[in-house]
Q: 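To start, I am sharing the structure in question, which I have written as C-alpha cells.
Convention: sequence-line order gives letters A, B, ...; per-chain numbering from 1.
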Amino acid sequence: MKIVAESPYRFRIEPFGTMRVPGVVFASRALLPDPDHDKSLEQVIHVAALPGIVRASYAMPDVHWGYGFPIGGVAATDIDADGVISPGGVGFDISCGVRLLAAGLDRAELVPHLDGLMDALDRTIPRGMHGGGVWHVSGHRELEHVLRAGARYAVEVGHGVARDLERCEDGGAIAGADPDRVSARAVERGLGQVGSLGSGNHFLEVQVVAEIYDEAAARAFGLHPDQVCVMIHCGSRGLGHQVCSDHVRTMEAAMSRYGITVPDRQLACAPANSPEGRAYLGAMAAATNYARANRQLLTEATRHAFARHTTAELDLVYDISHNVAAIETHEVDGKRRRLCVHRKGATRALPPGDPELPPDLAPVGQPVLIPGTMGTASFVLAGVAGGGAFHSTCHGAGRVRSRHQALRSVSGRRLRDELEARGIAVRGTSWRGLAEEAPSAYKDVDAVVDTAEGAGLCRKVARLVPIGVVKG
DNA sequence: ATGTTC
C-alpha cells in the first residue's frame with residue numbers, strides 16, 4: 001500500500017490490485033489508523049473495489065475497523081452504471097444516530113434538581129440489551145405506520161410537536177420505505193422496542209454548552225453558553241439488526257448471478273437497481289424510519305422527566321443519522337449522476353444554501369451532532385461549502401481498543417466513581433457495559449473534530465460537556 | 001450494534 005500525504009489532513013492511497021478508485025483518508029498523521037492494531041485502511045482499499053464506485057473510497061478522521069466496510073467510511077456508487085448497494089456499507093445498526101434537545105434553562109438553575117432529574121430519567125428511559133420500549137405499538141398494522149412514516153407518525157399520534165419534524169433530517173421519515181421487505185422476524189423483534197436506547201455506545205446525556213465557536217450558527221440552532229441540553233444516541237435496535245442480517249444473506253447468494261466478486265465476503269452487495277438491491281433499500285428505509293420514531297419517543301420520555309423537575313421546555317435542535325445510504329445527485333466528472341451514497345459512521349453535512357435545509361437554517365448549513373465518549377465533550381458542527389466527500393463528515397470519537405481490551409484494563413465501578421467525582425451523575429445498567437465504553441477505548445473527540453474541520457469537511461459551532469449520563 | 005452463536 002502506497003499512502004501519500006496530500007495535505008496535513010488528507011492522505012491518498014493510490015489504486016492498486018482490484019481498486020477502481022483511490023482511497024482518501026481525512027486524518028492527521030496522529031489519527032491515521034495503525035495497521036498493526038486496526039485493519040480499517042485495508043477495508044478502505046476493499047471498498048474501493050466495489051462495482052460502480054465513483055471518485056474515491058473515503059475515510060473520516062474517526063475511522064476504525066467494522067463489518068466489511070470501515071466505520072467512518074463514505075462510498076458512493078453510480079446507480080445508473082450498475083453501481084451496488086451493500087448492507088455492510090450501512091452497518092448492523094441502521095440509522096443509528098443522534099438528536100440534541102436544547103432546554104430553556106441554564107446550568108445553575110438545573111444543578112439543584114439534577115439528582116432528582118437523573119433518577120427520573122433512570123426510571124423512564126428503557127435501556128440495555130433486553131429492554132422493551134416506552135411505546136407499546138398496538139400490533140403489526142401500527143408498526144407498518146412507524147416503518148413508513150417514522151417520527152412523522154409518532155408526532156401524528158401525539159408523541160411530540162409539529163416543530164420537532166422541521167428539525168429532523170427528511171422531515172422525520174425517508175421516502176421509499178417498503179415494510180414488505182422487512183421480515184416477520186425483524187418485525188417481531190421491533191414491535192416492543194420503540195422508545196429504547198439499547199446498549200453498547202448508546203446513551204442519553206444531560207449536557208451543558210461549554211463553548212461557542214460560531215455565534216451566528218449557534219443562535220440559528222438555538223444554543224447559548226451554559227445552556228442545558230440533552231443528547232440522545234440510539235438506533236433501530238433488533239429490527240435494524242435483523243434487516244441487515246436478512247439482506248446480507250440474500251445478497252451473498254445473489255452476487256454470483258450478477259458476476260460480482262468482492263475482496264471480502266462481508267462486502268456482500270447487489271446492483272442498487274436490481275430486485276435484491278431495491279429490496280434492501282426499501283427495508284433499510286423502513287428501519288431508518290423506525291430509528292427516527294425511536295428517538296422521537298425517547299424525546300417525549302425525556303420531556304416528561306424534565307416536566308416533573310423543572311418548568312423548562314425542550315426544543316429539538318436537530319436529529320441526524322450516521323448509518324444510512326441515500327440516493328443523491330452529485331456532479332462527477334462534469335456530469336450530474338444519481339449516486340447511492342453509503343455513510344457508515346459518517347454524517348451528512350449539507351452546506352449553507354442547500355435546498356433540503358429548513359429556511360431558517362439555510363444561511364448557516366446543516367447542524368451536525370457528534371457524540372463524544374462518556375465523560376468527554378460532544379460537538380455541534382455545521383456543513384460547509386466544498387464538501388470533500390459528498391458533503392459528509394465524522395460521527396464520533398471512534399474506537400481504538402476493542403470491548404475486550406477495554407474490559408481487561410478498566411473497572412466499571414472505578415470509572416463511575418471517577419465520573420461522579422468530576423460532577424457527572426451516572427445512571428448505568430451494567431458495570432461491564434460501563435467499562436467497555438471507557439473513554440480510554442476511544443480516540444480524542446476534540447482531535448477528531450479539529451481534524452474534520454481542518455480537512456474542510458465541516459466547521460465547529462459549539463462544544464458540550466456532560467453533567468449526567470444515562471448509559472445503555 | 002445485536003434476544004452478545006441459527
Side-chain angles (χ1 to χ4, degrees), chain A residues 40 43 62-73 86-98 126-133 137 143 182-204 232-250 252-253 266 268 280 283-284 286-288 290-292 294-295 298 320-325 342-347 371 373-374 395-408 412 428-438 441-442 471-472:
Chain A
S40 58
Q43 295 187 311
D62 49 340
V63 67
H64 58 112
W65 181 87
Y67 177 89
F69 286 61
I71 296 163
S86 173
V90 171
F92 274 85
D93 193 1
I94 295 168
S95 190
C96 180
V98 184
R127 57 200 193 274
M129 200 58 169
H130 306 285
V137 174
L143 189 73
V182 177
S183 68
R185 196 172 184 186
V187 166
E188 289 308 321
R189 291 179 71 174
L191 272 170
Q193 296 186 320
V194 185
S196 64
L197 275 183
S199 58
N201 64 352
H202 292 160
F203 65 73
L204 181 151
I232 298 170
H233 178 200
C234 64
S236 52
R237 303 295 327 273
L239 184 138
H241 191 274
Q242 191 65 48
V243 164
C244 183
S245 307
D246 292 341
H247 289 263
V248 161
R249 200 179 321 116
T250 310
E252 276 175 348
Q266 292 186 349
Y280 172 71
M284 181 209 72
T288 297
Y290 181 95
R292 289 169 184 196
N294 189 18
R295 289 192 284 274
L298 289 172
I320 55 107
S321 296
H322 55 219
N323 279 4
V324 77
H342 301 69
R343 294 188 181 88
K344 180 187 191 179
T347 313
T373 313
M374 199 167 26
H395 87 301
R399 193 175 267 281
V400 280
R401 304 168 74 191
S402 69
R403 292 177 192 286
H404 190 69
Q405 285 175 311
L407 265 183
R408 276 193 312 211
T429 41
S430 76
W431 297 119
R432 178 183 163 176
L434 218 53
E436 286 179 347
E437 294 303 317
Y442 283 85
K471 198 72 191 79

Q: Grab the CD-P distance between A:Glu437 and B:dT2 for me, whole Å please.
A: 11 Å
Q: Within the 4.0 Å heavy-atom criterion, would you say A:Gly91 contacts the bases, only the backbone, or no part of the nucleic acid?
A: nothing
Q: Can a side chain N or O of A:Ser199 be found less than 4.0 Å away from OP1 or OP2 on B:dT2?
A: yes
Q: For the pair made of CD in A:Glu436 and P in B:dT4, what is the distance, rounded to whole Å?
A: 14 Å
Q: Test side chain to side chain contact (heavy atoms under 4.5 Å, CB included) on A:Tyr290 and A:Val182; report intermediate values, then the result.
A: CA-CA 11 Å; A:Tyr290 181 95; A:Val182 177; over 6 Å; no
Q: Please report the distance, rounded to the nearest Å, between OH in A:Tyr67 and C1' in B:dT4.
A: 16 Å
Q: Kindly point out which of B:dT4, B:dC6, B:dT2 is positioned nearest to the side chain of A:Arg185?
A: B:dC6
Q: Is the shortest distance from a Lys or Arg side-chain nitrogen in A:Glu436 or A:Arg401 to a carboxylate oxygen in the other one below 4.0 Å?
A: no
Q: Expressed as a whole number of angstroms, how long is the span from A:Ile94:CD1 to B:dT2:P?
A: 12 Å
Q: Look at all strands and tell whether A:Gly235 reaches a base, only sugar-phosphate, or nothing, counting heavy atoms closer than 4.0 Å.
A: nothing
Q: Heavy atoms under 4.0 Å, any strand shown: does A:Glu188 hit a base, just sugar-phosphate, or nothing?
A: nothing
Q: What is the distance, rounded to the nearest whole Å, between atom CE of A:Met129 and atom C1' of B:dT4?
A: 4 Å
Q: For residues A:Ala268 and A:Val248, report the shortest heavy-atom separation together with the two atoms involved.
A: CB-O, 4.0 Å
Q: What integer distance in Å separates A:Glu252:CD from B:dC6:P?
A: 15 Å
Q: Check the orientation of A:His395 and A:His64. Use parallel for under 30°, tilted for 30 to 60°, and perpendicular for over 60°.
A: parallel
Q: Using atom CG of A:Asp246 as one end and atom P of B:dT2 as the other, report the distance to the nearest whole Å.
A: 16 Å
Q: Please check the phosphate of B:dT2 (OP1 and OP2 only) for any side-chain N or O of A:Arg237 closer than 4.0 Å.
A: yes
Q: Hey, does the side chain of A:Gln242 reach the backbone of A:Ser183 with a donor-acceptor pair shorter than 3.5 angstrom?
A: no
Q: Return the value, rounded to whole Å, for the distance between atom CZ of A:Arg249 and atom P of B:dT5.
A: 16 Å
